[in-house]
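Report on the structure given below.
First listed ligand is number 1; within each ligand, the first listed atom is number 1. A quick note: this is a predicted structure, and the numbers were derived from the prediction, not measured. Positions are given from 1, in the same order as the sequence printed here.
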Amino acid sequence: MRVDVVSIFPEYLAPLELSLIGKARQDGLLELNVHDLRTFTTDKHRTVDDTPYGGGAGMVMKPEPWAQALESIANAQAAAIGDSSDGPTKPVLIVPSPAGERFNQALAYELAEEEQLVFACGRYEGIDERVMEWAAGHFTVRPVSLGDYVLNGGEVAVLAMVEAIGRLLPGVVGNPESLVEESHSDGLLEYPVYTKPSSWRDRDVPAVLLSGNHGKIAQWRRHEQFRRTAERRPDLLVEFDAGRLARADRTAFGELGYDVVDGRLRRRPDGDLPD
Ligand code: 6GU
């Protein structure tokens, strides 16, 4: 996969040289290029922002440097693949913004399939909207948000997204099985984990995990996933496919106050506990 990041703070992306993602770059699994937006300005002061039309607080990123930067990335890619204008699929342009669609594990898996991702890090109040309209001719444009809070710019969001996507690329995570049994891989939160010693400060590891009964362990872990998700993220259970749950799993959800109706979990009215 090839990733291009455009930012006025390229140093912000330095952590992508570390750990798993840094190793993936060294191993040639991920080609990552960070571009300084200011190198695409033409004025003496290397201006990237201006006041908003219509008034209001803050500054807006000017369209010209963005078009220069994105054009140079699009052209470099076209040259690299020997441009055939009816050519291959357009690269995805991800625009980090609290006004975007929500980033989640499903989107990480989807984007991990792409040949090229380009991230446009906005600062201030955002990028002139015409840039996204114009860019749609060269890219599949996707404004993406990490969650319902506001960051000062897209750089920290790019760190999160590149890590979430990069670790899904073949060969990046040493043991691919660790991708299967983690939070959100199946729409549920992860079960709790324990290691030695089996007793620590008067707290014992749940006995079932020491039993050697792998069927029982798998069921206990699954039910802990249900319990945690119901407690911490009940919103995830709305989407959960409960149609193929085993009887014991339905019972476990029943004890948490959920019935299965038409393959979906339905919260029983408060106080309506099972017999
Ligand atoms: Cl992706 N960008 C910015 N600037 N703020 C955010 C965000 C993204 N996600 C949540 N807040």
Query raised in the report: Is it the case that His35 and Asp4 place a side-chain donor and acceptor less than 3.5 Å from each other?
Result: yes
Query raised in the report: Just by modelled atom types, is the Phe9 backbone N or O under 3.5 Å from a matching donor or acceptor in the Ser7 side chain?
Result: yes
Query raised in the report: Should Arg2 and Asn33 count as side-chain neighbours, where that means a heavy-atom distance under 4.5 Å?
Result: yes
Query raised in the report: Are Phe40 and Val131 grouped together when hydrophobic residues (ILVMFWY) are joined by side-chain heavy atoms under 4.5 angstrom apart?
Result: no
Query - Glu71 CD: over 12 foreign heavy atoms closer than 6.0 Å - result: yes
Query raised in the report: What residues sit with at least one heavy atom under 4.0 Å from ligand 1?
Result: Pro96, Ser97, Pro98, Val144, Ser145, Leu146, Gly147, Tyr149, Val150, Leu151, Gly153, Ala157
Report task. Check whether any side-chain heavy atom of Asp249 lies under 4.5 Å from a side-chain heavy atom of Phe226, and answer yes or no. Result -> yes
